[in-house]
2 protein chains.
Amino acid sequence: MTSTSTDETLLRERGLRVTGVRLAVLRALDGHEHSTADDVVRSLRADLGSVSVQAVYDSLHSLTAVGLLRRLEPAGHPARYERRVGDNHHHMVCRGCGAVADVDCTVGEAPCLHPVTTHGFAVELAEVTFWGLCPRCTAGSVPAGTHS
Amino acid sequence: MTSTSTDETLLRERGLRVTGVRLAVLRALDGHEHSTADDVVRSLRADLGSVSVQAVYDSLHSLTAVGLLRRLEPAGHPARYERRVGDNHHHMVCRGCGAVADVDCTVGEAPCLHPVTTHGFAVELAEVTFWGLCPRCTAGSVPAGTHS
DNA sequence: GCCCCATACTGGAATCATTCCAGAAAACGC
DNA sequence: GCGTTTTCTGGAATGATTCCAGTATGGGGC
């Protein structure tokens, strides 16, 4: 219960009500970084017995909104969520199977890169996604140009 | 018709049949970079009279597959297509309205960045997306944290 | 210049992730 | 404990995209 009571504190600090679903979502993401909403739903059903899809989406959204979760959305794949939110790290995505791995950012805070021309935009963050093949997919190699 | 006959050559060079839909798709994207599939459908209906949605998706896919188009998929927005394919430029996306602008890459060829740790991945390209607010949205400012 | 076959296109239904909605249940300040 | 506000439930709806079966068309071969 240690991590649960810590999560409880985190929720209160951010001004969110402490609910079973929210605690379970946070717990589900411990040790399962980069889970999709569907992964979380399945995890919670195994854990709590039953939860509505909507409750999970609501929780993921509110937790993301207060900065307890970070959402990443690799092109062509459903959104994934992670608890690592303190730094400005990046991601490596396998164009074969969609596997995601974290990549440290050498700068550590956003935006870590700055565009040559801004076109008048107020740049807030630079999202870097490395695409390639994970070790497993490199073996049974997937032809290039399938990035989606 | 100059650009049309050039496009015809491009299609043949890549081993694609020359069809009205494909030529029209290429034409539609001239001067309308970063169009969505839906934009293209509308453009083609105004141009050719009628086209099936599927024909447009098929064309966009095959043109992308042979490297005549590049697809970009900003998180939370439908895919967009552009004809600028020779270099490895990046994009700036407005988190308010979804507007997209090109940003030159200082390196020019992929991958222009290299991850600190590769986790055994064979890295092929580094996709950089700058998020921020376009001039228009900066005016009637959209609160932060809405990046999706 | 015509025929044939692989490839494209049509229209309509299906899929997937996500959101909308209205009502029931739970959180927590008092 | 009580009431208000927020959250959760279940089901229907949405938007982008894909699947499918049938028809049409491009272009290499004759």
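Numbered from 1 within each chain, the chains take letters A, B, ... in sequence-line order.
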Residues in side chain to side chain contact (heavy atoms under 4.5 Å, CB included) contact with [X], at least two apart in sequence or another chain:
{"X": "Thr19(B)", "value": "Arg17(B), Val21(B), Arg22(B)"}
{"X": "Asp104(B)", "value": "Arg84(B)"}
{"X": "Glu109(A)", "value": "Val107(A)"}
{"X": "Ala79(B)", "value": "Arg71(B), Glu73(B), Tyr81(B)"}

Legend entry - Connected hydrophobic set around Val123(B), excluding itself, where side chains approach under 4.5 Å: Met92(A), Val103(A), Leu113(A), Phe121(A), Val123(A), Val128(A), Phe130(A), Met92(B), Val103(B), Leu113(B), Phe121(B), Val128(B), Phe130(B)

Inset, instruction - May I ask you to list the residues sharing a hydrophobic cluster with Tyr57(B), side-chain cutoff 4.5 Å, ordered by chain and number? - result: Val53(B)

Inset, instruction - Residues of residues 49-64 of chain B with any non-hydrogen atom less than 4.0 angstrom from an atom of DNA chain C: list those, numerically ordered, please. - result: Ser50(B), Val51(B), Ser52(B), Gln54(B), Ala55(B), Ser59(B)

Legend entry - End-to-end axis angle, where each axis spans five pairs of the helix from dG1(C)-dC30(D) to dC30(C)-dG1(D), to 10°: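 The end axes of the helix from dG1(C)-dC30(D) to dC30(C)-dG1(D) are about 40° apart, to the nearest 10°.
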
Starting at [atom1] of [X] and ending at [atom2] of [N], how long is that distance when rounded to a whole Å?
{"X": "Arg45(B)", "N": "dC9(C)", "atom1": "CZ", "atom2": "P", "value": "14 Å"}
{"X": "Leu11(B)", "N": "dT7(C)", "atom1": "CG", "atom2": "C1'", "value": "14 Å"}
{"X": "Arg80(A)", "N": "dA17(C)", "atom1": "CZ", "atom2": "C1'", "value": "13 Å"}
{"X": "Arg42(B)", "N": "dG15(D)", "atom1": "CZ", "atom2": "C1'", "value": "13 Å"}
{"X": "Leu23(B)", "N": "dC9(C)", "atom1": "CG", "atom2": "P", "value": "10 Å"}
{"X": "Arg22(A)", "N": "dA25(C)", "atom1": "CZ", "atom2": "P", "value": "19 Å"}

Inset, instruction - Hey, which sits more toward the 5' end of DNA chain D by its nearest nucleotide, Gly15(A) or Asp38(B)? - result: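 Looking at the nearest nucleotide for each, Gly15(A) comes out on the 5' side.
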
Legend entry - Sequence neighbours excluded - ring pair (Phe, Tyr, Trp, His ring centres under 6.0 Å) pairs with any residue from residues 84-117 of chain A: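 Only His34(A)-His91(A), His89(A)-His91(A) qualify under ring pair (Phe, Tyr, Trp, His ring centres under 6.0 Å).
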
Inset, instruction - Starting at CG of Asn88(A), measure out to SG of Cys112(A) and round the result to the nearest 0.5 Å. - result: 5.0 Å

Inset, instruction - Using a 4.0 Å heavy-atom cut-off, write out nucleotides 25-30 of chain D from 5' to 3' as B (base contacted by protein), S (sugar-phosphate only) or - (no contact). - result: BBS---

Inset, instruction - Check whether Leu48(B) and Leu26(B) end up in the same hydrophobic cluster, where Ile, Leu, Val, Met, Phe, Trp and Tyr are linked by side-chain heavy atoms less than 4.5 Å apart. - result: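 The answer is yes; both residues are in one hydrophobic cluster.
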
Legend entry - Pairs flagged by salt bridge (charged side-chain N to carboxylate O under 4.0 Å, His left out) wherever residues 32-45 of chain A is involved - sequence neighbours left out: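 Those involving residues 32-45 of chain A are Asp38(A)-Arg42(A), Asp39(A)-Arg42(A).
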
Legend entry - Partners passing salt bridge (charged side-chain N to carboxylate O under 4.0 Å, His left out) against Arg83(B) (at least two apart in sequence or in another chain):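 So Arg83(B) forms a salt bridge (charged side-chain N to carboxylate O under 4.0 Å, His left out) with Asp7(B), Asp30(B).
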
